[in-house]
There are 2 protein chains.
Amino acid sequence: MNNEHNSERLEKAARCLRTMAHPLRLMIIHLLSQREYSVQELEKELGASQSSISQHLSLLKDKDILTSRRSAQQVFYRLHNPRMLDLITLTRELFCRD
Amino acid sequence: MNNEHNSERLEKAARCLRTMAHPLRLMIIHLLSQREYSVQELEKELGASQSSISQHLSLLKDKDILTSRRSAQQVFYRLHNPRMLDLITLTRELFCRD
DNA sequence: TCATAATATTTGAATATTATAATATTCAAA
DNA sequence: TTTGAATATTATAATATTCAAATATTATGA
């Protein structure tokens, strides 16, 4: 086992987990697991400010959790890797029972 | 869908994810997925201070991610739910490739 | 009881994260 | 080429997290 490498991987995993570890961002990932959403659709669903949502989307995109495409003035976001939902599902199973 | 309830669950899931989202804590969970460890064993493995490790263990225990048993002066920790390892494995698959 | 080993807690300074308000950018239609 | 709609960025105040040093607790053996 290469300890240097392993510890880098742990740090990366931790950073990515931390990025997901926010209620609004979990909800965004949950919604995007069904279909793509525009920013304004997310605003309506989540009832949060435009600025806040845009910043959360940006964090998720930086970590390659989401990708986006622009269509005229709108920007649509979707999951980069659909398996991301597995992580949320498992998280709920582990932490949201009882 | 009960939105109040759902948002509570998201917050709980986010809190638990946040608790896991630290390199040292991920490493602790990884080690404990093999067998139980005493605090001093973890100190040796992780090369962190006693205080720091004890604090991290305490956070993980608060969220019911770990349990502990005392044997004389030593305290042994183990995973509360072995499936916790699945979460780490999946996290690595999703975030630590390429 | 006293000394010591193992672990836990408290404290405080450094750093990171969050939400909001204000401003900037990007694009399309007029 | 200006206007307005949609989104992004910046700045910043409030809050949370982290780490290590100091101190406290708990259990054992002399």
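Chain letters run A, B, ... following the sequence lines, proteins first, then strands; residues in each count from 1. Since this is a predicted model, take the numbers as computed values, not measurements.
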Distance in angstrom units between [X] [atom1] and [N] [atom2], rounded:
X	N	atom1	atom2	result
B/Leu66	C/dA8	CG	C1'	15 Å
B/Ile53	D/dA21	CD1	P	14 Å
B/Met20	D/dT18	CE	C1'	19 Å
A/Arg70	D/dA8	CZ	P	7 Å

Original post:
Can you tell me if B/Thr89 and B/Glu93 form a side-chain donor-acceptor pair at under 3.5 Å?
Top reply: no
**OP:** For B/Thr67 and B/Lys61, test the side chains for any donor-to-acceptor distance below 3.5 angstrom and give the result as yes or no.
**Re:** no
Original post:
Between the side chain of A/Thr91 and the main-chain N/O of A/Leu87, is any donor-acceptor distance below 3.5 Å?
Top reply: yes
Counting just side-chain N and O atoms, does [X] come under 4.0 Å of either OP1 or OP2 of [N]?
X	N	value
A/Gln73	C/dT26	no
A/His56	D/dA8	no
B/Gln50	C/dT7	no
B/Arg18	D/dA16	no
B/Tyr77	C/dA8	yes
B/Arg15	D/dA16	no

From the options [options], select the nucleotide whose nearest atom is closest to the side chain of [X].
X	options	answer
A/Ser51	C/dA21, C/dA5, C/dT18	C/dA21
A/Ser52	C/dA19, D/dT18, C/dA6	C/dA19
B/Gln55	C/dT18, D/dA11, C/dT10	C/dT10
A/His22	D/dA20, C/dA19, C/dA28	C/dA19

Original post:
Does C/dA30 have a Watson-Crick or wobble mate here (both distances under 3.5 Å), and if so which one?
Top reply: D/dT1
Subject >> Complement of D/dA8, any strand, by Watson-Crick or G-U distances under 3.5 angstrom >> reply: C/dT23
Original post:
Is the NZ or CZ atom of A/Arg35 positioned over A/Tyr37's six-membered ring, under 6.0 angstrom from the centre and within 45° of the axis?
Top reply: yes
Original post:
Side chains of A/His22 and B/Arg18: does their closest heavy-atom pair fall under 4.5 Å?
Top reply: no
